[in-house]
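The structure appears right after this line, and notes come after that.
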Amino acid sequence: MSSNVLDTLYSIILDRISNKKEGSYTVKLLEKGKPYIARKVGEEATEVIVASLSEGRERFISEVADLIYHLFVLMAVEGVKPEDVYEELKRRMK
Ligand SMILES: N=c1c2ncn([C@@H]3O[C@H](COP(=O)(O)OP(=O)(O)OP(=O)(O)O)[C@@H](O)[C@H]3O)c2ncn1[C@@H]1O[C@H](COP(=O)(O)O)[C@@H](O)[C@H]1O
């Protein structure tokens with residue numbers, strides 16, 4: 001996965017936070033607050049599990065994308081950038 005897609009996604013999410021674009025799903029999530037967003041991350045993780053166990057490759061890819069998006073919204077709420085996570089993953093590399 002090229003990290004510039006992830007970095008671009010994160011910058012779009014930050015843009016939605018600051019510009020509150022009309023009709024934005026991200027803005028709707030933010031308005032529902034952190035507990036709701038955290039619950040959505042859990043839901044999307046479950047949907048990844050279900051897709052992995054009983055649905056095809058395309059559904060699995062789609063659910064992983066949903067999970068990454070919702071995780072990135074939660075990271076933005078927490079003030080954690082993708083680079084922070086990349087650093088941690090790099091630190092763990094053997
Ligand atoms: N990658 C995504 C992305 N993946 C999934 N989703 C939304 O996440 C939801 C997942 O479906 P669910 O059934 O879990 O959610 P729902 O039933 O629609 O709504 P709720 O259950 O949350 O009430 C869908 O509404 C999708 O539209 C996304 N929404 C936005 N993005 C990215 O975020 C950017 C900003 O989007 P907006 O905030 O809508 O402008 C977009 O340009 C995309 O790059």
Side-chain angles (χ1 to χ4, degrees):
M1 181 180 307
S2 82
S3 63
N4 61 357
V5 168
L6 296 175
D7 296 340
T8 304
L9 172 61
Y10 192 78
S11 59
I12 295 171
I13 289 166
L14 293 185
D15 174 72
R16 294 296 183 271
I17 291 173
S18 42
N19 298 323
K20 304 262 182 289
K21 184 181 167 195
E22 187 69 32
S24 157
Y25 177 74
T26 308
V27 170
K28 285 191 196 101
L29 279 180
L30 294 162
E31 285 163 354
K32 292 180 178 176
K34 184 159 90 168
Y36 180 85
I37 298 168
R39 205 171 66 238
K40 283 300 286 182
V41 170
E43 275 175 27
E44 299 300 341
T46 303
E47 289 171 27
V48 165
I49 294 165
V50 169
S52 162
L53 297 179
S54 60
E55 296 172 354
R57 178 180 159 75
E58 289 315 306
R59 284 285 310 140
F60 178 71
I61 290 169
S62 173
E63 294 300 346
V64 169
D66 275 355
L67 175 60
I68 289 172
Y69 162 73
H70 284 87
L71 205 47
F72 271 40
V73 175
L74 188 59
M75 282 165 53
V77 167
E78 291 288 352
V80 169
K81 302 185 298 299
E83 300 78 57
D84 301 324
V85 178
Y86 301 158
E87 279 308 309
E88 175 59 20
L89 288 170
K90 223 183 291 177
R91 191 184 63 78
R92 298 173 181 190
M93 288 173 185
K94 298 240 184 325

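For the numbers below, each heavy atom of this structure counts, side chains included, while hydrogens, waters and symmetry mates do not. Order of listing sets the numbers, starting from 1, for every ligand and every atom in it.
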Next item on the list: Measure from atom 30 (C) of ligand 1 to the protein's non-hydrogen atoms and state whether any distance is below 4.0 Å.
Entry: yes

Can you check whether E83 reaches D7 side chain to side chain, under 4.5 Å on heavy atoms?
-> yes

For the 3.5 Å polar cut-off, considering only N or O atoms, please tell me whether E43 and ligand 1 meet it. no

Check: Do L71 and I12 belong together in a cluster built from hydrophobic side chains that touch within less than 4.5 Å?
Finding: no

Note: Y36, heavy atoms under 4.0 Å from ligand 1, region reported as side chain

Quick look: E44 vs ligand 1, heavy-atom contacts under 4.0 Å, and the answer is side chain

Short version for I12: what comes under 4.0 Å of ligand 1, heavy atoms counted, is side chain

request  = Determine, using ring centers only, whether Y25 and H70 are less than 6.0 Å apart.
outcome  = yes

Out of curiosity, is K32 lining ligand 1, as in a heavy atom under 4.0 Å away? yes

Taking only non-hydrogen atoms of H70 and a 4.0 Å limit, the atoms of ligand 1 in range are 8 (O), 10 (C)

- Message: Is there a continuous path of hydrophobic side-chain contacts, each under 4.5 Å between heavy atoms, that joins V27 to I37?
- Response: no

Closest to atom 40 (O) of ligand 1 among protein heavy atoms sits R16 NE, 2.7 Å

E55 versus V50: any side-chain heavy-atom pair under 4.5 Å?
yes

Check for me, please, whether V80 and L89 land in the same ILVMFWY cluster - side-chain distances under 4.5 Å, paths through other members count. yes

Check whether any protein heavy atom sits under 4.0 Å from atom 27 (O) of ligand 1. no

- Query: Can you hop from Y69 to L14 via hydrophobic side chains spaced under 4.5 Å?
  - Reply: yes

**Report entry** Protein contact for atom 44 (O) of ligand 1 (heavy atom, distance under 4.0 Å)
**Finding:** yes

Atom 8 (O) of ligand 1 has as its nearest protein heavy atom Y25 CE2, 3.2 Å

Looking only at protein heavy atoms, what sits closest to atom 36 (O) of ligand 1 is T26 OG1, 3.8 Å

Among non-hydrogen protein atoms, atom 33 (O) of ligand 1 lies closest to Y69 CE1, 3.4 Å

Any protein heavy atom lying closer than 4.0 Å to atom 17 (O) of ligand 1? no

Exercise for review: Any chance you could lay out the salt bridge (charged side-chain N to carboxylate O under 4.0 Å, His left out) test for R92 and E88, step after step, and finish with the verdict?
Suggested key: CA-CA 6 Å; R92 298 173 181 190; E88 175 59 20; 2.8 Å; yes

Inspect the contact between K40 and E43 and indicate whether a charged nitrogen and a carboxylate oxygen are less than 4.0 angstrom apart.
yes

- Query: Any ion pair linking R59 and E63 (charged N to carboxylate O, less than 4.0 Å)?
  - Reply: yes

So for R39 against ligand 1, with non-hydrogen atoms under 4.0 Å, the contacting part is neither

Counting from 1 in the order shown, the ligand 1 atoms closer than 4.0 Å to a non-hydrogen atom of D66 are 4 (N), 5 (C)

Atom 15 (O) of ligand 1: closest protein heavy atom, distance to 0.1 Å, is K40 NZ, 3.3 Å

### Query
Are V41 and L9 joined in one hydrophobic group, where the rule is that I, L, V, M, F, W and Y side chains link up if heavy atoms are under 4.5 Å apart?
yes

At under 4.0 Å between heavy atoms, what of L9 touches ligand 1? The answer is side chain

